[in-house]
Amino acid sequence: MSGTSPTSLQVRIARDIVALVRRDMRPVGYHLAETQLAREIGISRSPVNVALNWLAELGAVKHDPNRGFFLACDPA
């Protein structure tokens, strides 16, 4: 998604992910499992992956291609 604007769906999913992280007080470094997030938000895994990649571009999460996504900053 580099260089392009996110869609309204991607923004909504990213906001939902941030809200879950805040609600559950997940710590920096917490593994954000795509399957679990998709289940909690009630959507498929693919749009969650796109939203997580966008959050990685913003610096809110860190993406390790071999391990997944991890919370990179305090969401407070």
Side-chain angles (χ1 to χ4, degrees):
M1 188 168 25
S2 184
T4 62
S5 297
T7 67
S8 60
L9 176 62
Q10 292 160 347
V11 171
R12 182 187 67 79
I13 294 167
R15 286 183 180 158
D16 288 349
I17 291 169
V18 170
L20 286 170
V21 167
R22 284 182 177 155
R23 182 192 73 209
D24 296 343
M25 298 183 344
R26 295 174 180 170
V28 171
Y30 183 86
H31 181 244
L32 298 165
E34 293 176 40
T35 324
Q36 178 184 354
L37 290 170
R39 187 174 37 250
E40 290 183 53
I41 295 170
I43 58 172
S44 66
R45 193 178 135 248
S46 180
V48 169
N49 177 273
V50 173
L52 285 170
N53 276 299
W54 182 55
L55 287 171
E57 287 181 23
L58 296 175
V61 300
K62 180 181 178 216
H63 181 224
D64 180 336
N66 297 317
R67 296 177 52 223
F69 293 91
F70 298 86
L71 189 58
C73 62
D74 188 355

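Sequential numbering from 1 along the given sequence is applied to the chain's residues. Side-chain atoms are counted along with the backbone in the values below, which use heavy atoms only and exclude waters and symmetry mates.
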Arg39 vs Glu34, salt bridge (charged side-chain N to carboxylate O under 4.0 Å, His left out): CA-CA, chis, key distance, verdict: CA-CA 9 Å; Arg39 187 174 37 250; Glu34 293 176 40; over 6 Å; no

Non-hydrogen atoms of Gly59 and Ala72 that approach each other most closely: O-CB, 3.6 Å

Shortest non-hydrogen contact from Ala56 toward His63: CB-CB, 4.4 Å

Heavy-atom donor-acceptor pair, Asn53 side chain to Asn49 backbone, under 3.5 Å: yes

Nearest-0.5 Å distance, CG of residue Asp64 to NZ of residue Lys62: 6.0 Å

Heavy-atom closest pair, residues Ala14 and Ala51: N-CB, 3.9 Å

From Ser46 atom OG to Ile13 atom CD1, the distance as rounded to the nearest 0.5 Å: 9.0 Å

Gap separating the CD1 atom of Ile17 from the CD atom of Glu40, nearest 0.5 angstrom: 10.0 Å

Heavy-atom closest contact (Phe69 atom, Val61 atom, distance): CD2-CG2, 4.0 Å

Spacing of Asp16 atom CG and Ile43 atom CD1 [to the nearest 0.5 Å]: 7.5 Å

Under 3.5 Å donor-acceptor, Gln10 side chain and Thr7 backbone: yes

Shared hydrophobic cluster for Phe70 and Leu55 (ILVMFWY, side-chain gaps under 4.5 Å): no

Trp54 vs Val11 side-chain heavy atoms within contact, under 4.5 Å: yes

Any side-chain heavy-atom pair of Arg26 and His31 under 4.5 Å: no

